[in-house]
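Reading through the structure tokens given below for one structure.
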Amino acid sequence: SEPTAADANAVRERARRALVRAGDHAAALAAGASAQRYYEQALQLTNDDLDRAVLHERAGDMAYLQLSQQEARHHLDEAAELYRQRSDVNGGARAAAQLARIDRSDGLIDSAIQRLEEAFALVEHRAADGPDGARALATVAAESGRMLSLKGDERLDATALARLDLALRLAERYSIHEVIAEALTTK
């Protein structure tokens, strides 16, 4: 029998899931360039905006680890926009935190701080939303504390420490190890 559109969509979805699993596996093995390529290939197989946002975020994270700032910025900008369109505050906050790291790497500390202040205002009361909200707030608070510390303005030190303390409390409560490491390193 002839393949139907439903058959084609099922095959496409299986291929997308296989590529995402391959990307996750490559990322776990610290093979960032391979992981990025798998995520980018999976992007070609989905039309769902949330899936696209997540895949752009993952590809951006992998590009950042490979020091491909331009590619990372492209993917994370796309993720941030897709999250914004879907009113996904937590996803947008994660993308903003990663974009702030790129800003910092590019010497744009003020831009990074502004980006993080906007994200912090959006997620400041999200910890009560459970693990996803707590993760978003902890990530933004830790990165915000780091950027405010790097600014070197003594007037911002108290805010930086308060953000780092908040990040540590949430990260310890929800076992968010990468935030614990980042916050302790900054503090």
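Side chains are part of it too, since the values below use all heavy atoms of this structure and drop only hydrogens, waters and symmetry mates. These numbers were taken from a predicted model, which means no experiment stands behind them.
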### Query
How far apart are the closest heavy atoms of Asn90 and Ala136, and which atoms are they?
OD1-CB, 3.6 Å

### Glu143/Arg104 salt bridge by N-O under 4.0 Å criterion
yes

### Query
Going from CD1 on Ile102 to CD on Gln98, what distance comes out if it is rounded to the nearest 0.5 angstrom?
5.5 Å

### Query
Can you tell me if Asp106 uses its side chain to pair, donor with acceptor, with the backbone of Leu108 under 3.5 Å?
no

## Note on the structure
Note: Ala138 and Ala171 closest approach over all heavy atoms is CB-N, 4.4 Å

### Task
Determine, stepwise, if the pair Gln66 / Glu71 fulfils side-chain hydrogen bond (donor to acceptor under 3.5 Å, both in side chains).
CA-CA 10 Å; Gln66 301 305 308; Glu71 290 178 49; over 6 Å; no

### Task
Before giving the answer on side chain to side chain contact (heavy atoms under 4.5 Å, CB included), spell out for Val123 and Val89 the whole-Å C-alpha distance, their side-chain angles and the decisive distance to 0.1 Å.
CA-CA 7 Å; Val123 296; Val89 174; 3.5 Å; yes

### Query
Does the distance from a Lys or Arg side-chain N to an Asp or Glu carboxylate O, for Arg37 and Glu40, drop under 4.0 Å?
no

### Message
Do Leu164 and Leu156 sit in one hydrophobic cluster, given that two such residues count as connected whenever their side-chain heavy atoms are within less than 4.5 Å of each other, even indirectly?
### Response
no

### Summary
Closest heavy-atom pair, Ala27 versus Met62, reported as atoms and distance to 0.1 Å, is CB-SD, 3.8 Å

### Query
Any chance the side chains of Tyr83 and Arg94 put a donor and an acceptor closer than 3.5 Å?
yes

### Message
So that I can tick it off, tell me whether Lys151 and Asp153 are bridged by a salt bridge, with the cut-off set at under 4.0 angstrom between side-chain N and carboxylate O.
### Response
no

### Query
Do the ring planes of His75 and His56 sit parallel (below 30°), tilted (30 to 60°) or perpendicular (above 60°)?
tilted

### Query
Rounded to the nearest 0.5 Å, how far apart are CG of Leu55 and CD of Gln41?
11.5 Å

### Query
Taking all non-hydrogen atoms of both residues, which atom of Gly60 and which atom of Ala72 are closest, and how far apart?
O-CB, 3.5 Å

### Query
Roughly how far, to the nearest 0.5 Å, is the CG atom of Leu45 from the CG atom of Asp51?
11.0 Å

### Distance (rounded to the nearest 0.5 Å) between Leu99 CG and Ser111 OG
9.0 Å

### Query
Taking a hydrophobic cluster as the set of Ile, Leu, Val, Met, Phe, Trp and Tyr residues connected by side-chain heavy atoms closer than 4.5 Å, whether directly or through intermediates, do Leu161 and Leu148 fall within one such cluster?
no

### Task
Could you pull out the closest heavy-atom pair between Ala112 and Ala100, with the gap in Å?
CB-O, 3.5 Å

### Task
Start with the C-alpha gap between Asp61 and Leu76, add the side-chain angles, then the distance that decides, and say whether side chain to side chain contact (heavy atoms under 4.5 Å, CB included) holds.
CA-CA 8 Å; Asp61 288 346; Leu76 291 162; 4.1 Å; yes

### Short side-chain to backbone donor-acceptor contact, Tyr39 and Arg58, under 3.5 Å
no

### Message
Quick check against the 3.5 Å criterion: does Arg163 have a side-chain atom that pairs as donor or acceptor with the backbone of Ser144?
### Response
no

#### Entry: Contact summary for Ala97 and Thr139, nearest pair of heavy atoms
CB-CG2, 3.8 Å

### Query
Does the side chain of Lys187 come within less than 4.5 Å of Leu168's, by heavy atoms?
yes

### Message
Pair Arg86, Asp88 - check salt bridge (charged side-chain N to carboxylate O under 4.0 Å, His left out), show working.
### Response
CA-CA 5 Å; Arg86 293 189 48 91; Asp88 183 337; 5.9 Å; no

Listed pairs under 3.5 Å, donor-acceptor, residues 176-184 side chains, sequence neighbours left out:
unit_1: Glu178; atom_1: OE2; unit_2: Arg135; atom_2: NH1; d: 2.6
unit_1: Glu182; atom_1: OE1; unit_2: Arg101; atom_2: NH2; d: 3.2

### Task
Might you work through the side chain to side chain contact (heavy atoms under 4.5 Å, CB included) test for Gln36 and Leu65, ending with a clear yes or no?
CA-CA 10 Å; Gln36 180 184 343; Leu65 292 174; over 6 Å; no

### Query
Can you hop from Leu43 to Val20 via hydrophobic side chains spaced under 4.5 Å?
yes

### Message
Within this structure, what is the CD-CD distance for the pair Glu124 and Glu117, rounded to the nearest 0.5 Å?
### Response
9.5 Å

### Tyr38 OH: over 12 foreign heavy atoms closer than 6.0 Å
no

### Query
Near Arg17 CZ, under 6.0 Å, is it more than 12 heavy atoms from other residues, nucleotides or ligands?
yes

### Query
Got a second to check how far Ser68's OG is from Arg73's CZ, nearest 0.5 Å?
13.0 Å

### Message
Checking Leu166 against Phe120 for the side chain to side chain contact (heavy atoms under 4.5 Å, CB included) test, could you report, in this order, the C-alpha distance in whole Å, the side-chain angles of both residues, the deciding distance, and whether it holds?
### Response
CA-CA 12 Å; Leu166 172 61; Phe120 189 81; 4.0 Å; yes

